[in-house]
Amino acid sequence: MRLPKAYEPKKYESGIYALWEKSGAFAPKEHPSTALGAGGAKDVYSLVAPPPNANADLHIGYALTMAIEDALVRYHRMTGKSTLFVPGADHAGFETWVVYEKKLSSEGKSRFDFSREELYKQVWDFVELNKHNLQSQIRAMGASVDWSRFLYTLDNKVVAQAYDTFKKMWDEELIYRGQRIVNYCTFHGTSFADIEVVHEQEDTKLWHIAYPLVEQGSPSTELGVKEVVIATTRPETKLGQAALMVHPDDERYKHLIGKLVNQPLVPGSPIPIIADEYVEREFGTGVVTVTPGHDPNDFEVAKRHNLPATELITTEGKMSENVPETFRGLPLTEARDIVVQALEKGGYLRKVEGYTHSIGKCYRCGTPIEPLLREQWFIKMRPLADKATSALKANKIRFYPASKKDQTIRYLEEVRDWNISRQIAWGIPIPAFVNTADESDWIFDTRVDREEIDVDGKTYKRDPDVFDTWFSSGHWPLVTLDYPEGEDFKRFYPLSLMETGGEILYQWVARMIMLGLYHTGEVPFKDVYIHGYVMAEDGAKMSKSLGNVVDPLKLIDEYGSDALRAGLLTGRRPAVNQGYHPAKIKAARNFANKLWNIARYTEGVLEGRTLLQGATLQAETIADHWILNKSSIISEEVAKAMEAYRISEAYELVYYFVWHDFADWYVEASKLQPNNAVLANVLETSLKIAHPFLPFVTETIWQTLAWEQDSLLIIQPWPTAVVADAGKAAEFEKLKNIITEIRWLKALSGTKVERIHYQGSANAPYADLIAKLAGVGQVSQAPEGYAGGVPLSAENADWRLDIDPAAVSERLAAKHAEHNALISSLQNRLANQDYLDKAPTELVEETKAQLAEAQTNLTHLENIQKTLKL
RNA sequence: GGGGUUGUAGCUCAGUCGGCUAGAGCGCAGCAUUCACAUUGCUGAGGUCGGGGGUUCAAGUCCCUCCAGCCCCACCA
């Protein structure tokens with residue numbers, strides 16, 4: 001025998017993968033109907049894998065992505081479509097940056113030890129190494145991706161596309177320079193991404209400061225209100241406010257909206273009291289100051305109310321020129337105490353209380369992060385988003401689950417302009433230069449390898465910023481397909497599917513839709529499938545800091561790649577987070593082994609297939625008809641489930657069919673009544689329908705049994721229906737019921753059933769099968785007038801078991817009660833006139849039939865009990 | 001704070017158009033087993049479908065409400 005006793009994945013996986021890769025099966029096949037201009041539905045299935053971050057090993061969530069996508073691709077490939085599945089890797093801007101800094105810090109170094117160029121080179125090398133690892137990990141997962149099309153987000157064509165879009169938008173005035181608050185470390189002299197800021201709880205104070213109302217004989221003065229008190233944790237920023245702000249519905253302050261107040265310590269610069277819903281009435285006094293230059297939220301408020309943003313703190317961490325003279329140039333560390341003293345002296349300080357809140361700090365030096373204004377690049381989103389919204393509302397894209405579509409639409413309707421510049425070295429440099437003599441004179445130029453360029457006798461300096469990674473990866477469907485001239489673009493755009501995690505629905509999916517529409521006028525993909533997270537076993541999120549991260553490669557090593565894939569898919573719905581469960585992976589491993597052993601049995605029976613020579617597929621026994629009928633139905637059901645993205649259900653259908661229909665019933669029955677052609681056929685069907693979920697074991701079996709010369713399972717056609725007699729199939733179903741009933745009676749009586757008698761010669765052909773499958777010694781025809789033993793259920797009453805009636809009496813009584821309960825429930829339903837009137841007639845008829853059947857069963861049972869004198 | 005999602009057997013989850021006498025896998029209990037597989041087979045016990053209300057002839061499924069968990073995004077002057 002060529003197949004050893006148990007399936008050992010490690011022995012075969014890498015060889016099988018190499019075989020597929022070498023065969024060219026991963027590349028889309030040429031097909032006339034997929035050519036450009038063919039019109040109508042294209043016979044293709046295309047998707048691009050979300051490029052994993054090339055800054056670490058693949059995590060288990062990516063294994064799930066691959067399990068889903070590869071199952072779909074393999075299924076569609078077998079249905080005869082030309083499939084395109086493109087792999088890639090992401091340079092992952094900020095995240096890689098943070099990962100690399102951690103690496104540096106573990107070596108006692110930091111980013112400030114290197115020049116920008118040195119650093120870029122180092123990160124590049126670091127990512128190259130990871131990219132290589134990722135590729136072998138994706139191979140280990142069995143993904144049938146086309147490696148010749150592998151794309152990295154810093155590859156030239158990606159950069160070129162980003163520049164092209166930037167230029168096009170620049171020309172169309174969709175790009176503009178705008179202000180935005182950034183996280184600035186005054187010690188390091190650089191800004192940080194939100195994820196680089198560490199938040200720490202700190203004990204501080206809440207200072208209550210009075211703002212005197214400007215006297216104008218206003219009603220408020222008449223009411224005796226002379227001042228408004230605010231509460232703040234940052235008194236030093238109160239040296240130049242844009243406004244005070246209250247909640248529009250706050251009864252305490254409603255009458256003050258629109259009034260002016262004087263600023264303490266800032267003579268002669270009255271500011272208005274405005275109303276904005278952003279204010280939380282419960283906090284402090286319910287009145288807050290608006291500091292647009294140093295608070296992101298205030299900046300948004302100021303934009304809404306057309307208030308100016310003033311710089312109060314410089315990049316060096318000192319009070320700026322815009323504060324009253326006495327405070328200018330003060331370092332922040334001293335400014336607070338001095339301002340508080342001045343406030344107290346001036347009589348403005350009303351109260352000081354203790355307060356604990358979280359403060360953003362530089363993750364390296366611990367200096368509090370200053371939110372400072374900086375000029376950034378922005379994209380005007382409204383025109384792009386509106387197009388996307390109407391495409392979605394016109395159902396150009398189907399979402400799985402459907403609720404994600406509404407979520408995306410809501411995001412698009414509320415989208416704000418997109419800040420696409422980032423203040424790090426790692427990424428695609430922004431192709432823009434600024435006139436050294438005129439800060440407002442920006443030009444587009446792609447010579448980003450140069451610090452300075454001369455144009456028309458003027459010197460321009462390169463913008464040191466890079467693009468947000470989502471700006472370039474938002475072009476993914478375009479760049480992977482070689483937009484606009486590539487053959488792939490013509491054949492495969494729009495993609496059939498975009499499959500990804502829900503957390504990047506806005507960041508990535510929405511942007512791809514907008515950019516795809518922007519360039520081509522067409523949506524970039526037809527379907528969106530969102531998967532949930534793979535959580536830790538206890539349902540918590542997997543994270544390195546919690547130490548509950550599970551390494552997919554270790555699981556592949558232990559259980560096999562197939563087991564990991566199928567185990568992750570089991571019982572999963574789209575967009576729902578679910579824990580990782582070793583038991584599911586184990587179950588899948590056992591299933592792979594089950595397939596293996598069915599194959600092993602078949603191999604033995606067929607003696608290396610020699611027995612099949614010249615044999616045609618012809619169902620003989622009722623078991624043959626039954627299994628062929630089942631296999632036809634199941635192939636179709638699995639296909640339907642896959643088309644509807646009910647992937648886990650599809651897998652479970654395969655699992656049940658192979659294990660419980662094929663192995664448990666058919667293989668056992670065929671041992672008595674062999675039909676080698678049927679056995680081989682059903683094994684082939686099983687391998688085919690299991691292939692999308694368990695590609696390695698199924699292909700290994702296919703190769704080892706060598707059904708045909710140089711034949712690959714991966715490109716076999718999906719099974720089509722086999723002709724079988726449904727009536728004979730139903731007969732076998734009845735036989736199964738008899739056998740199950742005998743086993744049940746046997747088990748519950750705890751005694752051996754020595755003999756079964758049957759009445760009528762029609763049952764004779766099944767005697768041996770029943771003896772074997774039910775495990776009964778002797779099955780023979782009953783003598784004339786035989787009334788011994790216990791008859792089976794009403795339907796199978798011509799079978800009688802030689803068994804001690806006392807052993808089953810308790811069980812029969814319980815059964816009796818069950819019948820009665822059912823009968824009364826059915827009777828109640830039929831006694832309801834509304835039910836008879838309003839329910840569909842078929843249903844009422846069905847209920848009547850059920851009642852009749854239940855009553856027959858009951859009568860039968862009572863007869864048995866009477867006969868047995870129970 | 002905004003958004004999303006989940007609650008069904010001891011555990012993990014299915015349950016599509018409302019027709020349910022609510023399913024599966026694991027676990028558990030009992031039994032079996034030279035004959036492909038102990039990564040096995042057979043049989044069984046386990047449920048007021050989170051609580052309350054409503055719509056309907058009929059609700060696990062639709063609506064309202066409450067409770068509990070989890071996730072994403074944004075963050076507190």
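Each chain gets a letter, A, B and so on, in the order its sequence line appears, and its residues count up from 1.
- Sequence order on RNA chain B of the closest nucleotides to A/L843 and A/K5 puts A/L843 first from the 5' end.
- Distance check on atom C1': B/C70 versus B/G18 gives 29 Å, rounded to whole Å.
- Taking only distance into account, the side chain of A/K541 never meets the base of B/C71 through a donor-acceptor pair shorter than 3.5 Å.
- Judged by distance alone, the side chains of A/E652 and A/T570 never bring a donor and an acceptor atom under 3.5 Å apart.
- Of the inter-residue distances, the one linking A/L564 atom CG with A/I585 atom CD1 reads 5.0 Å to the nearest 0.5 angstrom.
- Considering only side-chain atoms of A/R410, the nucleotide from B/G4, B/U21, B/U39 that sits closest is B/G4.
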After noting the C-alpha distance and the side-chain angles of A/R234 and A/E236, does the key distance pass the salt bridge (Lys or Arg N to Asp or Glu O under 4.0 Å) rule?
-> CA-CA 5 Å; A/R234 298 208 60 187; A/E236 67 277 14; 3.0 Å; yes
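- Anti is the conformation of B/C66, whose glycosidic angle sits further than 90° from 0.
- Regarding contacts with the backbone of B/C42, every side-chain N or O of A/W744 stays at 4.0 angstrom or more from both OP1 and OP2.
- Within the model, atoms NZ of A/K594 and CG of A/D664 stand 5.5 Å from one another, a figure rounded to the nearest 0.5 Å.
- Taking the P atoms as reference points, B/U55 lies 15 Å from B/C63, given to the whole Å.
- The residue A/K671 sits close to a base: some heavy atom pair falls under 4.0 Å.
- Side-chain atoms of A/T289 do not come within 3.5 Å of backbone N or O of A/Q241 as any donor-acceptor pair.
- If you check B/C72, B/U40, B/A36 against the side chain of A/Y533, the one that comes closest is B/C72.
- Residue A/K584 places no side-chain N or O under 4.0 Å from the OP1 or OP2 atom of B/C11.
- Comparing B/A36 with B/C31, their C1' atoms are spaced 22 Å from each other, to the whole Å.
- Within a 6.0 Å sphere centred on CD of A/Q827, heavy atoms belonging to other residues, nucleotides or ligands number more than 12.
- Of the side-chain N and O atoms in A/R743, one or more sit less than 4.0 angstrom from OP1 or OP2 of B/U43.
- Within 6.0 Å of atom NZ in A/K586, 12 or fewer heavy atoms from other residues, nucleotides or ligands are found, so the atom counts as exposed in its surroundings.
- Residue A/T237 has no polar side-chain atom (N or O) positioned under 4.0 Å from OP1 or OP2 of B/A77.
- A/A663 comes within contact range of at least one nucleobase, with a heavy-atom separation under 4.0 Å.
- Nucleotides B/C49 and B/A22 place their C1' atoms 8 Å apart, quoted to the nearest Å.
- A syn orientation is assigned to B/G46, its glycosidic angle lying within 90° of 0.
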May I have the step-by-step check of side-chain hydrogen bond (donor to acceptor under 3.5 Å, both in side chains) for A/T847 and A/Y835, ending in yes or no?
-> CA-CA 11 Å; A/T847 310; A/Y835 177 69; 2.8 Å; yes
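- When each of A/G571 and A/Q850 is assigned the nucleotide of RNA chain B bearing its nearest heavy atom, the one mapping closer to the 5' terminus is A/G571.
- Of the listed nucleotides (B/A77, B/G15, B/U43), B/U43 has the atom at the smallest distance from the side chain of A/T740.
- In the interface, the side chain of A/E668 is paired with the base of B/A36 through a donor and an acceptor atom under 3.5 Å apart.
- Looking at the side chain of A/Y835, the nearest of the listed nucleotides B/A36, B/C57, B/G3 is B/C57.
- Of the P atoms belonging to B/G53 and B/U40, the separation is 46 Å, rounded to the nearest Å.
- Distance check on atom C1': B/G25 versus B/G46 gives 15 Å, rounded to whole Å.
- The listed nucleotides are B/C57, B/A36, B/G3; the one nearest the side chain of A/D834 is B/C57.
- The listed nucleotides are B/A77, B/C57, B/A36; the one nearest the side chain of A/N832 is B/C57.
- Base-pair partner of B/G44: B/C28 (Watson-Crick or G-U wobble, both distances under 3.5 Å).
- Distance from the side chain of A/V667 is smallest for B/A36 among the nucleotides B/C71, B/A36, B/U39.
- Counting only heavy atoms from C-beta on, A/A839 has its side chain closest to B/G19 among B/G19, B/G25, B/C42.
- Taking side-chain N and O atoms only, A/K772 has no distance below 4.0 Å to OP1 or OP2 of B/C42.
- Evaluation of atom-type donor-acceptor distances gives no pair under 3.5 Å for the side chain of A/K238 against the base of B/A77.
- Judged by Watson-Crick or G-U wobble contacts below 3.5 Å, the nucleotide B/A68 has B/U6 as its partner.
- A distance of about 13 Å separates the P atoms of B/U61 and B/U8, rounded to the whole Å.
- For the C1' atoms, the distance from B/U21 to B/G60 is 15 Å, rounded to whole Å.
- Both distances falling under 3.5 Å, in either a Watson-Crick or a G-U wobble arrangement, place B/G23 opposite B/C13.
- Pairing partner, B/A59: none, since no Watson-Crick or wobble contact has both distances short of 3.5 Å.
- Among the nucleotides B/G41, B/A77, B/G7, the one closest to any side-chain atom of A/K594 is B/G41.
- Minimum atom distance to the side chain of A/H581 is reached by B/U12, of the listed B/U12, B/U40, B/G3.
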